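Here the structure is laid out as structure tokens; the discussion comes afterwards.
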There are 2 protein chains.
Amino acid sequence: MKQNSLHVGTLAKGLRLLRAFDESHVSLTLTELVERTGLEKSAVQRMAHTLHVEGMLDRDPDTRRYRPSHAWLELAYVYYWSNPLISRALPKLIEFSRTVGETVNLAQMSGDHIIYALRLPNHRTHFAASIVGRRVPALATASGRVMLATRSEAEYREACASWPLPAATPRTITDRAVVEEDVVAARRNGYAITEAQVLLNEISLAVPIIGTDGRADAAVQVSLSSLAYDFDRVRREILPVLLDTTASIQG
Amino acid sequence: MKQNSLHVGTLAKGLRLLRAFDESHVSLTLTELVERTGLEKSAVQRMAHTLHVEGMLDRDPDTRRYRPSHAWLELAYVYYWSNPLISRALPKLIEFSRTVGETVNLAQMSGDHIIYALRLPNHRTHFAASIVGRRVPALATASGRVMLATRSEAEYREACASWPLPAATPRTITDRAVVEEDVVAARRNGYAITEAQVLLNEISLAVPIIGTDGRADAAVQVSLSSLAYDFDRVRREILPVLLDTTASIQG
DNA sequence: ATCTAACGTATCAAATAATGATACATCGAT
DNA sequence: ATCGATGTATCATTATTTGATACGTTAGAT
């Protein structure tokens with residue numbers, strides 16, 4: 001089982017318990033943990049007990065279900081401090097959010113997904129789009145495409161060919177050639193704009209935050225209702241302010 | 001070392017590595033990890049390696065420093081889904097934040113601290129007050145006091161006598177009798193208001209979210225500049241809206 | 001109210017997998 | 001270029017995890 005002698009299997013197993021929780025499995029019994037981790041019952045028993053004692057899992061004394069603890073939030077707190085981009089971007093995003101009155105996100109590349117690291121929801125934003133830490137396939141998002149557009153041609157072509165691209169909505173573009181065209185367009189324009197790729201009636205506009213090496217690992221994305229906006233209006237009213245914002249973050 | 005046979009020491013040690021990071025230690029070398037965890041060099045080497053391979057720690061290939069990974073944000077995402085209060089409160093808080101235009105927080109009791117689970121910053125909010133997961137000694141905050149006020153007399157007296165109460169600012173009240181008086185006042189009034197307990201020039205107003213058992217494990221807190229507001233104005237302008245908000249969350 | 005199947009808890013001998021001392025390699029400061 | 005500090009690799013020892021099993025407990029059905 002262990003590949004090299006530095007791999008501590010027991011620790012890896014413990015982490016599997018944590019990963020067994022997700023947005024549709026927010027609390028788990030012992031046997032559910034056994035099913036979802038594929039580990040032995042005894043092992044799960046010990047790991048869950050340890051995680052509970054160590055404060056990583058809460059436990060309902062009546063139902064005996066395990067739940068994520070506050071520690072899961074504390075870890076996010078430390079992450080925020082650890083990433084200097086976050087503290088640079090946040091005040092600018094707050095200001096931007098107030099100016100345009102729409103939902104504003106900071107997205108970071110994370111493998112072949114993007115992860116939302118900061119989110120400033122507005123009154124129309126639904127729950128899933130209001131909370132940080134959500135991962136979405138990069139190719140399906142304006143943020144992902146605009147970040148890819150700052151990479152080399154080899155890189156973005158490889159990504160467009162192989163990264164996941166599930167059909168989240170009936171209108172999701174699953175033709176990879178079209179996605180690649182959009183990346184090329186983003187490269188030319190300096191922004192990407194999509195509609196109904198992840199959520200119906202949602203327009204997303206994203207501009208990259210370009211690092212010193214010319215590559216972007218982050219992007220600022222605005223989400224708008226397609227009932228209130230069309231692409232033209234987004235380009236006229238939102239894009240200029242967004243470009244100012246990202247420029248000020250890059251310093 | 002192990003207390004009972006269900007305790008998996010290896011897993012507990014791995015978690016200590018994660019806890020070695022905090023807001024003033026956002027990246028750590030191997031030897032720093034050894035110092036901060038008190039574990040053997042070899043153990044830290046293996047644990048850090050495993051956490052890296054499992055995606056819980058990033059690593060700078062040049063400096064060889066370990067850093068929190070995106071996974072730390074993903075855990076927060078799951079936590080949000082796991083706590084039904086969060087999804088009930090968030091839309092109301094967004095609306096409230098827009099109405100009053102000030103920083104709005106959802107605080108939860110976490111042992112003898114409170115933890116900020118939701119934060120809607122405004123343009124004046126500084127970084128530390130903008131990000132979720134921050135823990136603050138409960139007695140020092142309006143939220144903590146107003147939650148204590150919903151507990152039994154025995155409980156809140158015990159808390160006022162023994163919970164931590166560090167002098168965060170020159171004006172922090174460290175007289176526990178005064179704190180207890182404030183809890184009693186909160187019990188009578190249904191809200192708590194503090195000034196300069198955690199941060200100078202900051203007024204905090206908090207109202208509890210009371211559960212079916214009459215006890216509060218959460219509170220909504222508004223933070224205001226004492227340069228712009230005094231207690232009277234807060235009570236007149238903010239408090240009524242805040243009471244409406246918490247009432248609507250309790251449903 | 002009683003039964004029963006599913007779930008959670010406790011125990012223990014076996015042996016695997018973590019341990020930690022040490023040696024080697026690499027880095028970076030002077 | 002040298003030296004001290006930091007990171008990496010190795011291996012025999014044994015403490016620790018393992019996992020099968022037996023025992024309690026719960027909740028749902030009749």
Side-chain angles (χ1 to χ4, degrees), chain A residues 1-22 24-69 82, chain B residues 1-22 24-69 82 212-213:
Chain A
M1 166 161 267
K2 85 172 157 182
Q3 307 179 356
N4 75 58
S5 57
L6 286 177
H7 196 258
V8 181
T10 309
L11 175 54
K13 284 184 193 173
L15 298 176
R16 281 171 77 173
L17 292 229
L18 300 183
R19 296 221 185 80
F21 296 85
D22 66 24
S24 48
H25 300 88
V26 297
S27 82
L28 296 169
T29 64
L30 192 73
T31 37
E32 286 169 342
L33 277 168
V34 171
E35 287 163 12
R36 288 182 62 77
T37 57
L39 301 175
E40 294 291 327
K41 183 180 170 183
S42 301
V44 171
Q45 179 188 179
R46 286 188 294 268
M47 302 286 168
H49 174 85
T50 306
L51 288 169
H52 175 58
V53 169
E54 296 296 324
M56 287 302 294
L57 289 177
D58 283 348
R59 179 172 215 212
D60 187 308
D62 298 325
T63 67
R64 298 173 185 195
R65 290 180 152 269
Y66 291 98
R67 288 180 282 108
S69 78
S82 77
Chain B
M1 167 161 267
K2 88 173 153 183
Q3 307 179 358
N4 74 59
S5 57
L6 287 176
H7 196 258
V8 182
T10 310
L11 175 53
K13 283 184 192 172
L15 298 176
R16 280 171 78 173
L17 293 228
L18 299 183
R19 296 222 186 80
F21 296 85
D22 65 25
S24 48
H25 300 88
V26 296
S27 82
L28 295 169
T29 64
L30 192 73
T31 36
E32 285 168 343
L33 276 168
V34 171
E35 287 163 10
R36 287 182 62 77
T37 57
L39 300 176
E40 294 292 326
K41 182 180 171 183
S42 301
V44 172
Q45 179 189 178
R46 286 188 295 265
M47 303 285 167
H49 173 84
T50 305
L51 289 168
H52 174 57
V53 170
E54 296 295 325
M56 288 301 296
L57 289 177
D58 283 347
R59 180 174 214 207
D60 187 308
D62 298 326
T63 66
R64 299 176 182 192
R65 291 181 150 266
Y66 291 98
R67 287 180 285 107
S69 78
S82 76
T212 47
D213 57 357

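The sequence lines fix the lettering, A, B, ..., with proteins before strands; numbering per chain opens at 1. The shown structure was predicted, so the numbers you read here are calculated from the model rather than taken from an experiment.
- Atom C1' of nucleotide C/dT11 and atom NE2 of A/His49 are separated by 15 Å, given to the nearest angstrom.
- Between B/Leu6 atom CG and C/dT9 atom P the separation is 9 Å, expressed in whole Å.
- Remark: B/Met47 CE to B/Leu33 CG distance equals 12.0 Å, nearest 0.5 Å.
- Judged as a side-chain contact (heavy atoms from CB on, under 4.5 Å), and not counting sequence neighbours, the contacts of A/Arg59 are A/His52, A/Arg64, A/Tyr66.
- Applying the salt bridge (Lys or Arg N to Asp or Glu O under 4.0 Å) test to every pair with at least one member in residues 31-40 of chain B, sequence neighbours left out, gives these pairs: B/Asp22-B/Arg36, B/Glu32-B/Arg65.
- A/His7 has its NE2 atom 12 Å from the P atom of C/dA17, to the nearest Å.
- Scored by the side-chain contact (heavy atoms from CB on, under 4.5 Å) test, B/Arg67 finds B/Ser27, B/Asp58 as partners (sequence neighbours excluded).
- Look at A/Thr10 and you'll find a side-chain N or O under 4.0 angstrom from OP1 or OP2 of C/dA18.
- At whole-Å resolution of the value, CG in B/Leu11 and C1' in D/dT17 are 12 Å apart.
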N/O-N/O pairs, protein side and nucleotides 21-25 of chain C side, under 3.5 Å:
{"from": "C/dA21", "atom 1": "N6", "to": "B/Ser42", "atom 2": "OG", "distance (Å)": "3.1"}

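- The side chain of A/Thr31 contributes no N or O atom lying less than 4.0 Å from OP1 or OP2 of C/dA6.
- Axis orientation changes by 60° from one end of the helix from C/dA1-D/dT30 to C/dT30-D/dA1 to the other, with each end axis drawn from 5 pairs and the value rounded to 10°.
- Comparing A/Ala43 and A/Thr63 by the nucleotide of DNA chain D whose heavy atom lies nearest to each, the residue mapping closer to the 5' end is A/Ala43.
- Look at CZ on A/Arg65: it is 18 Å from C1' on C/dT9, rounded to the nearest Å.
- One finds the CZ atom of B/Arg16 at 12.5 Å from the CG atom of B/Leu11 (value rounded to the nearest 0.5 Å).
- Listed by chain and number, the residues in a ring-ring contact (aromatic ring centres under 6.0 Å, His included) with A/Phe21 are A/Trp72 (sequence neighbours excluded).
- Residue B/Asp60 contributes atom CG, which lies 13 Å from atom P of C/dC27 at whole-angstrom precision.
- Within the nucleic acid shown, A/Arg59 comes within 4.0 Å of sugar-phosphate atoms alone, with no base atom in reach, counting heavy atoms only.
- Looking at which nucleotide of DNA chain C each of A/Glu35 and B/Met47 is closest to, the 5′-most match is held by A/Glu35.
- Nearest-nucleotide mapping onto DNA chain C: of A/Tyr66 and B/Asp62, the residue sitting toward the 5' end is A/Tyr66.
- Looking at every heavy atom in both residues, B/Thr50 comes nearest to A/Leu6 through OG1-O, 3.4 Å.
- Partners of A/Arg19 according to the salt bridge (charged side-chain N to carboxylate O under 4.0 Å, His left out) rule, which considers only residues two or more places apart in sequence or in another chain, are B/Glu54.
- Note: CG (A/Leu39) to C1' (D/dT18) measures 12 Å, nearest angstrom.
- The phosphate of D/dT17 (OP1 or OP2) has no side-chain N or O of A/Lys13 nearer than 4.0 angstrom.
- Here the straight-line distance linking atom CG of A/Leu28 with atom CG of A/Leu17 works out to 9.5 Å at 0.5 Å rounding.
- Phosphate proximity of C/dC7 to A/Arg64: absent, as no side-chain N or O sits under 4.0 Å from OP1 or OP2.
- Distance CG (B/Leu30) to C1' (D/dA9): 13 Å, rounded to an integer number of Å.
- In this view, A/Ser42 satisfies the side-chain hydrogen bond (donor to acceptor under 3.5 Å, both in side chains) rule with no residue, not counting sequence neighbours.
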